[in-house]
Amino acid sequence: MSLPVIAIVIPCYNEEQALPITADRLLAVIDNLVAENKISATSYLLCCNDGSRDNTWRIIESLHLKDNRIKGISLAHNRGHQNALLAGLMTAMNRCDAAISIDADLQDDPTAIYRMVDKYLNGAEIVYGVRSSRETDSWFKRTTARGFYKFQKRMGFETIYDHADYRLMSNRALQLLSEYGESNLFLRGIIPQIGLRTDIVKYDRHERVAGESKYPLAKMLSFSIDGITSFSSTPIRMIFLLGIILLILDVIMSIYVFISYFGHDVIPGWTSLMLSVWFLGSLILIGLGVVGEYIGKIFVEVKHRPRYAIRDYLID
């Protein structure tokens, strides 16, 4: 059998500082795997420029001129990490036997690729990179991340604990992924639904090689909400159940009010009335907000607009 062609897909947004370092390290990984006779010498890097505002695309062009194994695509607009990653995977799909996705900051240890390839050669079609610990995170980030994974599980959809978007996917897995047509992308939730034979590789997470984080707290919260509302209708069901509970409480309060009224024990209840109004008003607004999230997603999905447009190719 011929050696497999591996494509390492790197979504890039304003990564002009990190990209030259990242390319050198990942090419070294490819060189070592080729030397070990595990992958084809035609394996390559595919950098996906997500409408960067800095010199990221120019750097990709210069790296491509120096080494043809560094290839690139550039999206016409900034479409977000998930769309940039999907664009890279779909571009690589017919040009590789397996694709490995990794962020340009190299916080995910690139040496884990050696074990991913080994597991792929042993039959795994999806290999997840999973953090071995979160000791390097702040208390706040560690606590919120664990809470998010637990909340996802309670909401009824499957994700891989402590896994981001560092993974290997076989060509067969990529073909199956291409059949998922939703616009609201949450790849961490979609890919476990594919099935096939999976495995995991654990690694230690490092500091960024250069540049600054593209996921501040506000963006992480937005990403979390997208993930939950894209895969679970449980929040809507919870609103319905909360309405039933409030209805029961209203019945109990009605009985109390009638007893007080006929017993001539009515006390002016301005404070309790106002608290009730504010409490119920807040619940109504929260409920409308949750339902609105789903309606917004329906609005986007039914238009069937392209998820991304690729402006430039550096593939040959």
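Sequence positions, counted from 1, serve as the residue numbers for this chain.
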Checking the side chain of Ser40 only, and the main-chain atoms of Thr42 only, is there a donor and an acceptor separated by less than 3.5 Å?
yes
Hey, are Arg69 and Asp31 close enough for a salt bridge, meaning a charged N less than 4.0 Å from a carboxylate O? yes
inquiry  = Can you confirm whether Tyr308 sits close enough to Met90 that some side-chain heavy atom of one is under 4.5 Å from a side-chain heavy atom of the other?
reply    = yes
When rounded to the nearest 0.5 Å, the distance separating OG of Ser62 from CH2 of Trp57 is 11.0 Å
Q) Does a side-chain heavy-atom distance below 4.5 Å link Tyr44 with Ile30? A) no
Side-chain contact test, heavy atoms from C-beta onward, threshold under 4.5 Å: evaluate it for Ile70 versus Cys47 and give yes or no.
yes
Subject >> Verdict with supporting geometry, His163 and Ile200, side-chain contact (heavy atoms from CB on, under 4.5 Å) >> reply: CA-CA 9 Å; His163 163 71; Ile200 66 169; over 6 Å; no
With Pro110 as partner, the option from Thr22, Ile8, Leu26, Ile100 fulfilling side-chain contact (heavy atoms from CB on, under 4.5 Å) is Leu26
- Between Ile73 and Leu314, is any pair of side-chain heavy atoms under 4.5 Å apart? no
Heavy atoms of Asn122 and Arg197 approach each other most closely as O-NH1, 3.2 Å
Applying side-chain contact (heavy atoms from CB on, under 4.5 Å) to Thr91 and Val9, what does each step give before you reach the verdict? CA-CA 10 Å; Thr91 301; Val9 178; over 6 Å; no
Heavy-atom nearest pair, Gly51 first then Tyr13, reads O-CE1, 3.9 Å
Residue pair Asp50 / His77, side-chain donor-acceptor N/O under 3.5 Å: no
request  = Decide whether Asn32 and Tyr114 meet the rule of one side-chain donor and one side-chain acceptor closer than 3.5 Å.
outcome  = yes
Heavy atoms of Ile102 and Leu106 approach each other most closely as CD1-CD2, 4.0 Å
Go through Arg188 and Asp165 one step at a time and tell me if the salt bridge (Lys or Arg N to Asp or Glu O under 4.0 Å) criterion holds. CA-CA 7 Å; Arg188 302 178 199 183; Asp165 286 299; 3.5 Å; yes
OH of Tyr128 to CD1 of Ile191, rounded to nearest 0.5 Å, is 6.5 Å
Output for pair (Asp103 CG, Gln107 CD), nearest 0.5 Å, gives 8.0 Å
For this session: State whether a side-chain donor-acceptor pair under 3.5 Å links Asn49 with Ser74.
Result: yes
Asn171 side chain vs Asn94 backbone, donor-acceptor pair below 3.5 Å: no
I'd like to know if the side chain of Ser43 and the backbone of Ile39 have a donor-acceptor N/O pair within less than 3.5 Å. no
Hey, are Arg131 and Tyr166 close enough side-chain-wise for a donor-acceptor pair under 3.5 Å?
no
Next on the checklist: Using side-chain contact (heavy atoms from CB on, under 4.5 Å), reason through Val201 and Val130 one step at a time and then give a plain yes or no.
Outcome noted: CA-CA 6 Å; Val201 164; Val130 176; over 6 Å; no
Practice problem: Could you check Glu125 against Arg172 for salt bridge (Lys or Arg N to Asp or Glu O under 4.0 Å), going step by step and ending with a plain yes or no? | Solution: CA-CA 8 Å; Glu125 298 207 60; Arg172 182 184 175 197; 2.8 Å; yes
**Asked** Arg167 side chain to Ala164 main-chain N or O, any donor-acceptor pair under 3.5 Å?
**Response** yes
Worksheet item: Where do Cys12 and Leu19 land on the side-chain contact (heavy atoms from CB on, under 4.5 Å) test, with the steps shown first?
Response: CA-CA 8 Å; Cys12 308; Leu19 199 51; 3.9 Å; yes
Considering only heavy atoms from C-beta outward, does the side chain of Asn37 approach that of Leu3 to under 4.5 Å?
yes
*asked:* Looking at Asn55 and Glu16, would you say the former's side chain and the latter's main chain have a donor-acceptor pair under 3.5 Å?
replied: no
Closest non-hydrogen contact found for Ala173 with Ile126 is CB-CG1, 3.9 Å
Notebook entry, point to check: Are Tyr203 and Asp108 close enough that a side-chain donor and a side-chain acceptor fall under 3.5 Å?
Noted result: yes
Donor-acceptor under 3.5 Å (Lys202 side chain, Ser132 main chain):
no
Margin query: Between Cys96 and Leu174, is there a side-chain heavy-atom distance shorter than 4.5 Å?
Written below: yes
| said: Would you say CZ of Arg58 has more than 12 non-hydrogen atoms from neighbouring residues, nucleotides or ligands within 6.0 angstrom? | reply: no
Is there a side-chain contact between Asp109 and His206 in this structure, where contact means two heavy atoms from C-beta onward sitting under 4.5 Å apart?
yes
The reported gap from NZ in Lys119 to OG1 in Thr198 (rounded to nearest 0.5 angstrom) is 10.5 Å
On a heavy-atom basis, the closest approach of Pro11 and Ala84 is CB-CB, 4.3 Å
Of all heavy-atom pairs linking Ala124 and Val127, the shortest is CB-CG2, 3.9 Å
The reported gap from CG in Leu45 to CD1 in Ile10 (rounded to nearest 0.5 angstrom) is 4.5 Å
So CE of Met93 and CG of Leu86: to nearest 0.5 Å the spacing works out to 9.5 Å
Going by heavy atoms in the side chains, are Leu33 and Ile113 under 4.5 Å from each other? yes
